[in-house]
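To start, the structure under review is shown below, and the notes come after it.
Everything numeric in this text was worked out from a predicted model, so none of it was measured. Residues: numbered from 1 along the sequence shown.
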Amino acid sequence: MALMIWLAVFPTLTVINLVLGDWLGTLPPVLRTFVLATAAVPIVIYGLMPRLHRLRAILLARMARS
């Protein structure tokens, strides 16, 4: 489960930093973290985690058949 969360969070934060990096660089660290978290959490929770859960279920089912 931790690996699955990492696979969702790390790329999301990387992309957000690449897209908004110039603008985020002008913000104080706490505000920058707030903006990153506010953008990343919904993307991860509603966008990526459901897909990763489905993929995990498929992989576990295939492993159980073997």
Exercise. Apart from Tyr46 itself, what residues make up its hydrophobic cluster when side-chain heavy atoms of I, L, V, M, F, W and Y under 4.5 Å apart count as a link, directly or indirectly?
Worked result: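 Besides Tyr46, the cluster holds Val41, Ile45.
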
For this session: Only counting residues at least two apart or in another chain, list the ones meeting side chain to side chain contact (heavy atoms under 4.5 Å, CB included) with Ala40.
Result: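 Testing Ala40 for side chain to side chain contact (heavy atoms under 4.5 Å, CB included), a comparison that skips the adjacent residues, returns Thr12, Leu13, Ile16.
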
Exercise. Sequence neighbours excluded, which residues qualify as side chain to side chain contact (heavy atoms under 4.5 Å, CB included) partners of Arg51?
Worked result: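 Result, side chain to side chain contact (heavy atoms under 4.5 Å, CB included) vs Arg51: Arg54.
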
Problem set entry | From CE (Met49) to CE (Met1), nearest 0.5 Å |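 Reported value, rounded in 0.5 Å steps: 6.0 Å.
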
For this session: Give, for atom CZ of Arg65 and atom CG of Leu60, the distance between the pair rounded to the nearest 0.5 Å.
Result: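 It is 11.0 Å, given to the nearest 0.5 Å.
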
Problem set entry | Residues that Trp6 engages under ring-ring contact (aromatic ring centres under 6.0 Å, His included), provided they are two or more places apart |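 Partners of Trp6 by the ring-ring contact (aromatic ring centres under 6.0 Å, His included) criterion, ordered by chain and then number, come out as Phe10.
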
For this session: Kindly work out whether a path of hydrophobic side-chain contacts (I/L/V/M/F/W/Y, heavy atoms less than 4.5 Å apart) joins Leu7 to Ile5.
Result: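 No, separate clusters.
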
Side-chain donor-acceptor pairs of residues 28-38 under 3.5 Å, sequence neighbours excluded:
| unit_1 | atom_1 | unit_2 | atom_2 | d |
| --- | --- | --- | --- | --- |
| Arg32 | NE | Leu24 | O | 3.2 |
| Arg32 | NH2 | Leu27 | O | 3.1 |
| Thr33 | OG1 | Pro29 | O | 2.9 |
| Thr38 | OG1 | Phe34 | O | 2.7 |

